[in-house]
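Each residue takes its place number in the sequence, starting with 1. Not measured: the values here are computed from a predicted model. Hydrogens, waters and symmetry mates are skipped; everything else that's a heavy atom, side chains included, is used.
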Amino acid sequence: MSAAMPPLPQTPAARATHWVQPLALACFWVCVACTACMLLAALGAWPLAATERWQTLGVDAWHFGMDGSVLWLLRHPVLTSLLVALGCAASALSSWGVFRLRRWGLWSFVALLLATAVTNFALSWWLDGVLAQLKPLFDDSAAAMDSLRARRIVVAITMYGSSAVMAAMQGGLAWRLLRPDIRARFR
């Protein structure tokens, strides 16, 4: 009976870059799950958008003077869900490219990391603006106004703070992915 040949030892460079493919595969499955959830949300929004209650919500938002972007989101919930699903599908494709060690996957993944970091700040700014539009609704109650102001500050700190943390993490990951030893693995 012969013994199996022991595995060859990995070089330090191979061990240092071994984390890329498992990370990419995990990102791929998360993006696939997010895509599926957003497609299900679009299916759920389809009949909901036609209901009288949803239409009333849109009209009320218009009467309250809400921002045009909020009105657009209320008028197009299915399209909004499909656009988010498209972004998730693009991220899944990019993650698959990184998993397969394709150069296009690496560059698209890094581009999506950086675009997402910027988008997080833009969405934080947008949400803060939407909350600011609610102030006139509470002008008659000082207690409600104080509560809204306090909640807006908490939401702003949370949103901008988490955006900063995520941008630092995404920037760090992009930096690590673009190191020469890792880029050399991609073809």
Closest heavy-atom pair, Leu82 versus Ala42, reported as atoms and distance to 0.1 Å, is CD2-CB, 3.8 Å
Nearest non-hydrogen partners of Cys88 and Cys34, listed with the distance: SG-CB, 3.7 Å
Any donor-acceptor pair under 3.5 Å linking the side chain of Thr56 with the backbone of Glu52? yes
Working to the nearest 0.5 Å, report the span between OG of Ser91 and CG of Leu113. 9.0 Å
Sub-4.5 Å side-chain heavy-atom contact between Trp126 and Val70: yes
Taking the side chain as everything from C-beta on, heavy atoms only, tell me whether Thr35 gets closer than 4.5 Å to Val84. no
If I compare all heavy atoms of His18 with all of Arg185, which pair ends up nearest, and what's the gap? N-NH1, 4.1 Å
Given side chain to side chain contact (heavy atoms under 4.5 Å, CB included), test Leu79 with Leu83 step by step and report yes or no. CA-CA 6 Å; Leu79 182 58; Leu83 288 173; 4.2 Å; yes
Please check if Leu114 and Ile182 belong to a single hydrophobic cluster, counting links between Ile, Leu, Val, Met, Phe, Trp and Tyr side chain heavy atoms closer than 4.5 Å. yes
Quick check for you: to the nearest 0.5 Å, what is the distance between Arg183 atom CZ and Leu106 atom CG? 8.0 Å
For the hydrophobic clusters of this structure (ILVMFWY residues joined by side-chain heavy atoms under 4.5 Å, transitively), does one cluster hold both Trp96 and Met38? no
Using a 3.5 Å distance criterion without hydrogens, assess whether the side chain of Gln21 forms a donor-acceptor pair with backbone atoms of Arg100. no
Does the side chain of Phe99 come within less than 4.5 Å of Leu23's, by heavy atoms? no
Do Met159 and Leu73 belong together in a cluster built from hydrophobic side chains that touch within less than 4.5 Å? yes
For Ala167 versus Phe121, what's the shortest heavy-atom pair and its separation? CB-CE1, 3.8 Å
Hey, does Asp128 have a side-chain heavy atom less than 4.5 Å from the side chain of Val155? no
Nearest atoms (heavy-atom pairs only) where Trp104 meets Ser94: CZ3-CA, 4.5 Å
Are Leu93 and Phe109 connected, step by step, through hydrophobic side chains (Ile, Leu, Val, Met, Phe, Trp, Tyr) whose heavy atoms are closer than 4.5 Å? no
Tell me whether the NZ or CZ atom of Arg176 lies within the 45° cone about the ring axis of Trp19 and under 6.0 Å from its centre. yes
Passing candidate, side-chain contact (heavy atoms from CB on, under 4.5 Å) with Trp107, options Leu112, Leu178, Val98: Leu178
In Å, rounded to the nearest 0.5 Å, how long is the span from CD of Gln55 to CG of Asp60? 11.5 Å
Using atom types as modelled and distance alone, determine if a side-chain donor or acceptor of Trp54 lies under 3.5 Å from a backbone N or O of Leu74. yes
How about Trp72: does its CH2 atom have over 12 heavy atoms from other parts shown lying under 6.0 Å from it? yes
Closest non-hydrogen atoms of Pro47 and Leu43, given as atom of the first, atom of the second and distance, are CD-O, 3.0 Å
Ignoring hydrogens and angles, tell me if any N or O in the side chain of Gln170 forms a donor-acceptor pair with the backbone of Thr116 under 3.5 Å. no
Donor-acceptor pair, side chain of Arg103 and main chain of Phe186, under 3.5 angstrom: yes
Ile153 side, atom CD1; Thr158 side, atom OG1 - distance, nearest 0.5 Å: 11.5 Å
Common cluster, Met169/Val118, ILVMFWY with side-chain heavy-atom separation under 4.5 Å: no
Nearest 0.5 Å, please: how far is CE in Met66 from CH2 in Trp62? 14.5 Å
Look at the side chain of Arg187 and the backbone N and O of Arg102, then say whether any donor-acceptor pair between them is shorter than 3.5 Å. no
